[in-house]
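Within every chain, numbering begins at 1; the chains are lettered A, B, ... in the order of the sequence lines, protein sequences first and strands thereafter.
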Protein chains: 2
Amino acid sequence: MVRRVVSANGSMRQGKSATTVFGSSRSESRAAVLKDVALRAGVDASTVSRVLRGDERKPARAETRERILQVARELGYRPNSVARSLRTRKTEAIGLVIPDAGNPGFAEIFKGVQTATAQTGWHVIVVEGRGPNHPDLGWERLVFEGRVDGVLVLTASLRDPLVQRVARSGVPLVLVNRRSDGVVGSVVVNDARGAEVAVDHLVSLGHRRIGHIAGPPTIDTGRRRTAGFRAAMRKHALPLRNSWIAGTDYTEAGGAEAARSLMDKSGPDLPTALYVASFLSGIGAMKVFKDAGLRIPHDISIIVSDELALAAHTNPPLTTVFMPVRRMGEAAATMLLAAMAQEPVADIVLPDEPQLVLRASTAPPGEGWRVSR
Amino acid sequence: MVRRVVSANGSMRQGKSATTVFGSSRSESRAAVLKDVALRAGVDASTVSRVLRGDERKPARAETRERILQVARELGYRPNSVARSLRTRKTEAIGLVIPDAGNPGFAEIFKGVQTATAQTGWHVIVVEGRGPNHPDLGWERLVFEGRVDGVLVLTASLRDPLVQRVARSGVPLVLVNRRSDGVVGSVVVNDARGAEVAVDHLVSLGHRRIGHIAGPPTIDTGRRRTAGFRAAMRKHALPLRNSWIAGTDYTEAGGAEAARSLMDKSGPDLPTALYVASFLSGIGAMKVFKDAGLRIPHDISIIVSDELALAAHTNPPLTTVFMPVRRMGEAAATMLLAAMAQEPVADIVLPDEPQLVLRASTAPPGEGWRVSR
DNA sequence: ACATAATAGCCAATCGATTGGAATAGGCCA
DNA sequence: TGGCCTATTCCAATCGATTGGCTATTATGT
């Protein structure tokens with residue numbers, strides 16, 4: 001690790017020492033409820049309810065309506081969503097299950113989800129789910145205690161028992177960037193095509209010895225990127241060596257490990273270019289190669305999947321394949337909203353073309369790696 | 001509505017064509033409720049409730065208890081959280097209002113919040129609030145429709161009317177990394193000390209002409225970093241020039257703009273080192289300087305606030321001041337939980353020392369900027 | 001002017017769980 | 001055997017909003 005931590009001399013401060021107890025000020029006046037409005041407007045609560053939610057089937061007299069609206073405004077009335085949910089059996093909330101908030105790709109997906117849900121007034125409960133083995137209390141409860149009307153799952157491995165159980169229970173569920181056996185309803189980007197774009201680019205630069213750092217085989221996205229990679233290599237009639245493919249999870253540490261294993265397995269016969277299935281892994285791999293004395297892109301070209309703002313600032317700046325991740329989040333949320341409205345769902349692959357974002361980590365092959373070990 | 005999209009080049013694909021309507025499978029058997037368990041166990045619903053939640057004051061006979069537990073297990077009974085919330089007037093959910101999910105610092109705070117809430121089983125509803133002017137329907141409703149028991153706000157400017165309104169309404173609220181006039185209950189890191197650590201470092205390298213890219217003056221954190229910067233400069237008896245200080249928001253574009261304005265204002269008299277109040281701004285500023293032909297750190301040293309994993313991979317790797325951001329999220333959530341339990345709250349500054357993380361973007365001053373324009 | 005229809009608004013049940021008070025049964029003591 | 005106590009369990013109200021059914025009131029038609 002590069003981190004050299006220098007601690008400064010100790011000091012401790014505390015702000016204003018003022019303290020308050022919320023309970024004291026809270027009771028100043030409890031929030032108005034439907035009955036309060038009804039009483040003050042001299043009508044029944046049911047009438048208030050109908051007026052406020054604009055029930056067409058039983059309109060109120062214009063005069064009554066005005067009076068009710070007026071009183072509601074005066075009292076600052078807001079309908080209690082919990083009571084409403086109990087009666088209507090709708091929470092207007094969805095769950096978003098993510099593997100790790102630290103992964104920068106997640107933020108994009110979340111933004112996509114927000115744009116779809118914010119418009120319709122739905123709320124998003126975010127939970128970090130920890131793998132299929134863990135007790136995973138968090139999102140288990142979310143669903144089975146009826147706190148949400150549906151879930152978006154970004155963590156599912158191919159056979160995640162919890163996912164399958166939820167799907168069977170009938171709670172609307174959409175997988176994002178994932179698929180799971182026997183579960184219908186997923187949105188993924190065109191991973192195979194993304195891999196192809198990457199390989200095409202490397203080939204067009206003149207590379208023929210191309211390797212791959214793959215995602216975990218338990219995750220569908222990882223598999224499809226790898227399959228796409230293999231297909232693209234076949235398309236160009238290029239050799240595929242097992243020693244040029246290393247699997248890993250979607251982390252920086254995993255990428256570093258994969259890079260080391262690649263160097264170990266290949267010896268002096270390292271590929272001249274690498275397609276890495278995740279941004280963070282790419283970062284980790286790049287560091288390992290540089291530390292080993294390889295120059296990027298001179299000795300080895302690197303192209304990674306998923307475009308992030310930070311790719312422009314790495315050393316060297318990373319060539320990436322932009323995958324429409326935000327769109328994916330939006331499409332998934334839209335699909336979930338549809339599913340919750342009893343509409344049919346399907347497994348879809350976003351038709352958006354992955355885009356090559358050209359930077360400095362790829363170039364025509366140099367003389368290759370000839371460092372004695 | 002499920003969008004069926006057709007792309008230009010006809011690469012549209014659709015996965016398995018199987019589709020299902022959730023409604024059909026859902027009704028296979030509606031979830032068991034309290035009454036179902038009661039009926040089947042031959043007891044009253046109230047008894048079931050007391051047994052399942054382990055009510056000490058009215059214990060059931062051992063035999064009855066076993067029977068109830070058995071039936072509950074058979075039926076897979078889970079208490080409905082909406083009904084429970086209505087009765088108990090507790091949602092066991094909190095709101096987390098963030099300015100922009102794209103900011104990588106947010107992920108850390110979120111993780112801190114999660115560690116505090118996950119243990120106690122509370123859920124987190126995340127909303128992107130858009131500034132104090134916007135209609136901001138999102139988190140307005142969250143609070144006033146009783147969907148959460150409290151909120152953590154990461155967006156508050158010094159006098160955000162919505163924040164003040166919520167605080168007055170008595171809904172427990174804790175500001176994170178922010179403060180707001182007249183609102184008690186906030187957790188911030190020691191920004192002044194962070195700035196001091198940065199300046200001390202630059203001074204120890206031999207810099208005397210030190211500039212600052214500040215956060216927005218409407219945000220308390222930004223102000224305190226700037227105040228800390230000024231104090232540290234005074235401590236070292238170093239000159240402070242207004243042309244060496246530029247304000248901006250916490251974005252990459254803002255940082256770039258600030259850097260340009262700094263070069264414009266200073267002319268050939270640019271500082272030899274810069275303390276930047278946010279990671280993203282630092283990235284943006286660094287790019288502008290490099291594009292202008294400055295070498296970092298030879299011509300200008302840069303140190304930024306907030307440590308992120310990606311700082312190690314920028315070009316050059318960024319020297320940062322690690323602020324205990326995750327701890328801040330955790331402390332804020334803990335404080336909020338306390339506030340919701342009617343305990344007193346205060347404004348606190350985390351005592352954790354900011355840590356210098358030394359990398360390659362800072363070095364002793366070179367000969368300075370002497371490029372004619 | 002009378003019958004009928006339309007309209008406005010009220011009543012009461014409901015969603016599902018919690019909780020204070022009442023009721024029943026058995027046990028104990030005199 | 002009668003009275004009292006305690007351990008269990010049941011009853012019913014409650015949280016706040018929604019909604020089908022019903023009544024009272026007004027409008028319409030002949």
Side-chain angles (χ1 to χ4, degrees), chain A residues 30-69 71-72 75-93 121 141 143-149, chain B residues 29-69 71-72 75-93 121 141 144-149:
Chain A
R30 105 190 170 303
V33 299
L34 202 52
K35 212 198 292 187
D36 300 330
V37 180
L39 242 51
R40 182 131 161 204
V43 295
D44 189 82
S46 59
T47 306
V48 177
S49 171
R50 283 190 241 260
V51 164
L52 292 181
R53 45 203 328 280
D55 190 331
E56 301 281 309
R57 298 179 308 166
K58 289 200 175 184
R61 212 179 348 159
E63 182 197 319
T64 328
R65 181 155 28 106
E66 287 313 318
R67 188 154 32 96
I68 289 174
L69 291 174
V71 171
L75 267 51
Y77 170 77
R78 307 296 302 267
N80 180 301
S81 71
V82 173
R84 171 180 288 176
S85 291
L86 179 59
R87 178 65 229 242
T88 62
R89 306 173 114 341
K90 290 195 179 327
T91 62
E92 303 215 321
R141 290 183 49 203
V143 170
F144 291 115
E145 296 182 0
R147 215 175 260 272
V148 295
D149 296 338
Chain B
S29 70
R30 107 190 170 304
V33 300
L34 204 53
K35 211 198 291 188
D36 301 329
V37 180
L39 241 52
R40 183 130 159 207
V43 295
D44 188 81
S46 59
T47 305
V48 177
S49 171
R50 283 191 240 259
V51 164
L52 291 181
R53 47 204 327 281
D55 189 330
E56 300 282 310
R57 297 179 309 166
K58 291 197 179 185
R61 213 180 347 162
E63 180 197 319
T64 331
R65 181 154 29 104
E66 287 313 317
R67 187 154 31 98
I68 290 174
L69 292 173
V71 171
L75 266 52
Y77 169 76
R78 305 297 302 269
N80 180 300
S81 71
V82 174
R84 170 181 288 177
S85 291
L86 179 59
R87 179 62 229 241
T88 61
R89 308 170 115 342
K90 293 196 178 322
T91 62
E92 303 214 322
R141 289 182 50 203
F144 291 115
E145 297 182 1
R147 214 176 260 272
V148 296
D149 295 338

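When atom types are taken as modelled, the side chain of Arg147(B) and the backbone of Thr91(B) share no donor-acceptor pair closer than 3.5 angstrom.
For Glu145(A), the salt bridge (charged side-chain N to carboxylate O under 4.0 Å, His left out) test picks out Arg141(A), Arg78(B), with sequence neighbours left out.
Taking the screw axis at each terminus of the helix from dA1(C)-dT30(D) to dA30(C)-dT1(D) from five consecutive base pairs, the angle between the two is 50° to within rounding of 10 degrees.
For the pair Leu34(B) CG and dC15(D) P, the interatomic distance rounds to 19 Å; values are reported in whole Å. With rounding to whole Å, Arg147(A) atom CZ is found 21 Å from dC15(C) atom P. Distance NZ (Lys90(A)) to P (dT18(D)): 14 Å, rounded to an integer number of Å. In this structure, the CG atom of Asp36(B) is 13 Å from the C1' atom of dA17(C), given to the nearest Å. Distance NZ (Lys35(B)) to P (dC15(C)): 6 Å, rounded to an integer number of Å.
For the segment residues 37-45 of chain B, no residue has any heavy atom less than 4.0 angstrom from an atom of DNA chain C. Of all the residues in residues 60-69 of chain B, Ala60(B), Arg61(B), Thr64(B) reach under 4.0 Å from DNA chain D with at least one non-hydrogen atom. Sorted by residue number, the members of residues 50-57 of chain A with any non-hydrogen atom under 4.0 Å from DNA chain D read Arg50(A), Arg53(A), Arg57(A).
Of all heavy-atom pairs spanning Ala60(A) and Val51(A), the tightest one is CB-CG2, 3.6 Å. Residue Ala72(B) comes nearest to Leu52(B) through the heavy atom pair CB-CD2, 4.2 Å, listed as atom of the first residue, atom of the second, then distance.
Phosphate proximity of dC15(D) to Arg89(B): absent, as no side-chain N or O sits under 4.0 Å from OP1 or OP2. Between dT18(C) and Ser49(B), a contact under 4.0 Å exists linking OP1 or OP2 to a side-chain N or O.
Each side-chain hydrogen bond (donor to acceptor under 3.5 Å, both in side chains) pair with one or both residues in residues 52-66 of chain B, not counting sequence neighbours, would appear here, but there are none.
Here the nucleotide nearest the side chain of Asn80(A), chosen from dG16(C), dC10(C), dG16(D), is dG16(D).
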Please set out all donor-acceptor pairs under 3.5 angstrom arising from side-chain atoms of residues 83-90 of chain A, sequence neighbours excluded.
| from | atom 1 | to | atom 2 | distance (Å) |
| --- | --- | --- | --- | --- |
| Ser85(A) | OG | Ser81(A) | O | 2.8 |
| Ser85(A) | OG | Lys90(A) | O | 3.0 |
| Thr88(A) | OG1 | Arg84(A) | O | 2.8 |
| Thr88(A) | OG1 | Lys90(A) | N | 3.4 |

What pairs of donor and acceptor atoms, side-chain ones from residues 36-50 of chain B against any protein atom, are under 3.5 angstrom apart with sequence neighbours left out?
| from | atom 1 | to | atom 2 | distance (Å) |
| --- | --- | --- | --- | --- |
| Asp36(B) | OD1 | Arg30(B) | NH2 | 3.3 |
| Asp36(B) | OD2 | Arg30(B) | NH2 | 3.2 |
| Asp36(B) | OD2 | Val33(B) | N | 2.8 |
| Arg40(B) | NH2 | Glu74(B) | OE1 | 2.8 |
| Asp44(B) | OD2 | Ser46(B) | N | 2.8 |
| Asp44(B) | OD2 | Ser46(B) | OG | 2.6 |

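Put simply, the side chain of Ser46(A) and the base of dC11(C) share a donor and an acceptor less than 3.5 Å apart. Looking at Arg87(A), its side chain comes within 3.5 Å of the base of dT14(C) through a donor and an acceptor atom.
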Next on the checklist: Quick one, Tyr77(A) with Val71(A), criterion side-chain contact (heavy atoms from CB on, under 4.5 Å). Give me CA distance, side-chain angles, the key distance, then yes/no.
Outcome noted: CA-CA 8 Å; Tyr77(A) 170 77; Val71(A) 171; over 6 Å; no
Protein-nucleic acid N or O pairs under 3.5 Å, nucleotides 22-24 of chain D:
none

Check the interface with nucleotides 24-28 of chain C: list each N/O to N/O pair with the protein under 3.5 Å, or write none.
none

